[in-house]
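Since the structure comes first, as structure tokens, the remarks are kept for the end.
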Amino acid sequence: MEGDCLSCMKYLMFLFNFFIFLGGACLLGLGIWVIVDPTGFREIVAANPLLFTGAYIMLAMGAMLFLLGFLGCCGAIRENKCLLLFFFMFILLIFLAELSAAILAFIFRENLTREFFTKELKKHYQRNNDTDVFSATWNSVMITFACCGVNGPEDFEAIPHLPYSSLEKATATPEACCQRELQSREGMFVNKEACLSGNERFQNRQGCYTVILNSFETYVYLAGALAIGVLAIELFAMIFAMCLFRGIQ
């Protein structure tokens with residue numbers, strides 16, 4: 001009976017580690033995609049040190065989970081106590097780090113409000129100054145998502161920062177808010193002169209906050225469910241690892 005129980009735990013341990021292995025592979029793939037993606041995200045990520053660091057953290061976490069899932073599978077099938085203990089300790093560290101990150105994200109969620117982004121935009125945005133990280137990032141976001149400002153073009157009315165182009169002196173709308181045939185920096189303007197002269201037909205009028213929120217609303221719930229699932233799998237994997245470790249003679 002004890003042997004059957006140990007055998008059951010061994011294969012359940014293998015199954016859980018296989019899911020961790022797949023989860024690590026997905027994170028690894030997502031991290032690589034964010035860094036090398038040619039559709040505009042690479043530009044945004046590279047311009048923002050926080051996003052740049054986050055992408056590499058995701059890459060490192062994916063690689064670690066990929067490796068640990070592999071080691072856990074090997075430890076379970078071969079009944080190697082050293083590999084099982086190594087696996088348990090690292091999964092525990094990752095579990096605590098993920099839990100801490102989730103708690104911090106919940107605590108500081110107020111910093112992601114519409115008012116916060118509007119205030120930061122009006123304070124730091126410098127239009128076409130691509131040497132400024134903040135401005136370059138915002139321009140990339142507005143071009144990629146075909147949006148303008150946080151709430152709309154009115155956000156730029158009180159921004160006095162230079163440089164302006166000769167056309168931009170006639171309107172508060174920056175060049176990044178003009179409609180393009182293809183939503184990338186290489187995309188041709190539909191009518192740049194009319195846009196910068198104040199013709200709303202050729203401007204992106206919707207605010208980026210609403211556009212991005214609508215774009216990622218489904219994925220936020222999916223990401224939350226996925227995170228809960230990953231934490232549950234890691235917890236069960238640790239329990240089975242310890243049970244299997246104690247059961248191996």
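Hydrogens, waters and symmetry mates play no part in the numbers below; they use all other heavy atoms, side chains included. None of the values given here were measured: they were computed from a predicted structure.
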Indicate yes or no for a side-chain donor-acceptor contact from Gln179 to the backbone of Arg201 under 3.5 Å, with no hydrogens or angles considered.
yes
Can you classify the ring geometry of Trp138 versus Phe117 as parallel (below 30°), tilted (30 to 60°) or perpendicular (above 60°)?
perpendicular
Glu181 and Val190 have their tightest heavy-atom pair at N-CG2, 4.1 Å
Co-membership, hydrophobic cluster, residues Ile143 and Phe202, 4.5 Å side-chain
no
Heavy-atom distance under 4.5 Å between the side chains of Val141 and Ile212, does that happen here?
yes
Less than 3.5 Å apart, any donor N or O on the side chain of Asp155 or Thr118 sitting next to an acceptor on the other?
no
Is it the case that over 12 heavy atoms from other parts of the model lie below 6.0 angstrom from the CZ atom of Phe189?
yes
Would you say Leu59 and Leu28 make side-chain contact, with heavy atoms under 4.5 Å?
yes
Can you find a pair of side-chain heavy atoms, one from Pro174 and one from Phe156, that are under 4.5 Å apart?
yes
Tell me whether Gln203 contacts the main-chain N or O of Cys178 through its side chain, where contact means a donor paired with an acceptor under 3.5 Å.
no
Atom pair CE/CG of Met142 and Asn204 - distance to nearest 0.5 Å
9.5 Å
Please tell me whether Tyr125 and Phe134 form a close aromatic pair, meaning their ring centres lie under 6.0 Å apart.
no
Spacing of Glu154 atom CD and Arg205 atom CZ [to the nearest 0.5 Å]
7.0 Å
Kindly determine whether Leu68 and Phe86 satisfy side chain to side chain contact (heavy atoms under 4.5 Å, CB included), including the steps that lead there.
CA-CA 9 Å; Leu68 287 177; Phe86 177 80; 4.0 Å; yes
Heavy-atom side-chain proximity of Phe145 to Asn214 below 4.5 angstrom:
no
So do the side chains of Phe87 and Met238 get within less than 4.5 Å of each other, counting heavy atoms only?
no
State the CZ-CZ distance between Phe88 and Phe95, to the nearest 0.5 angstrom.
10.5 Å
Cys208/Cys148 sulfur atoms closer than 2.5 Å:
no
Cys147-Cys177 sulfur separation below 2.5 Å?
no
Met89 CE: over 12 foreign heavy atoms closer than 6.0 Å:
no
Test side chain to side chain contact (heavy atoms under 4.5 Å, CB included) on Met188 and Arg180; report intermediate values, then the result.
CA-CA 5 Å; Met188 297 291 293; Arg180 297 170 186 251; over 6 Å; no
Pairwise side-chain contact, Asn151 with Arg114, heavy-atom cut-off 4.5 Å (strictly under)
yes
Path from Leu93 to Leu27 over hydrophobic side-chain contacts below 4.5 Å:
no
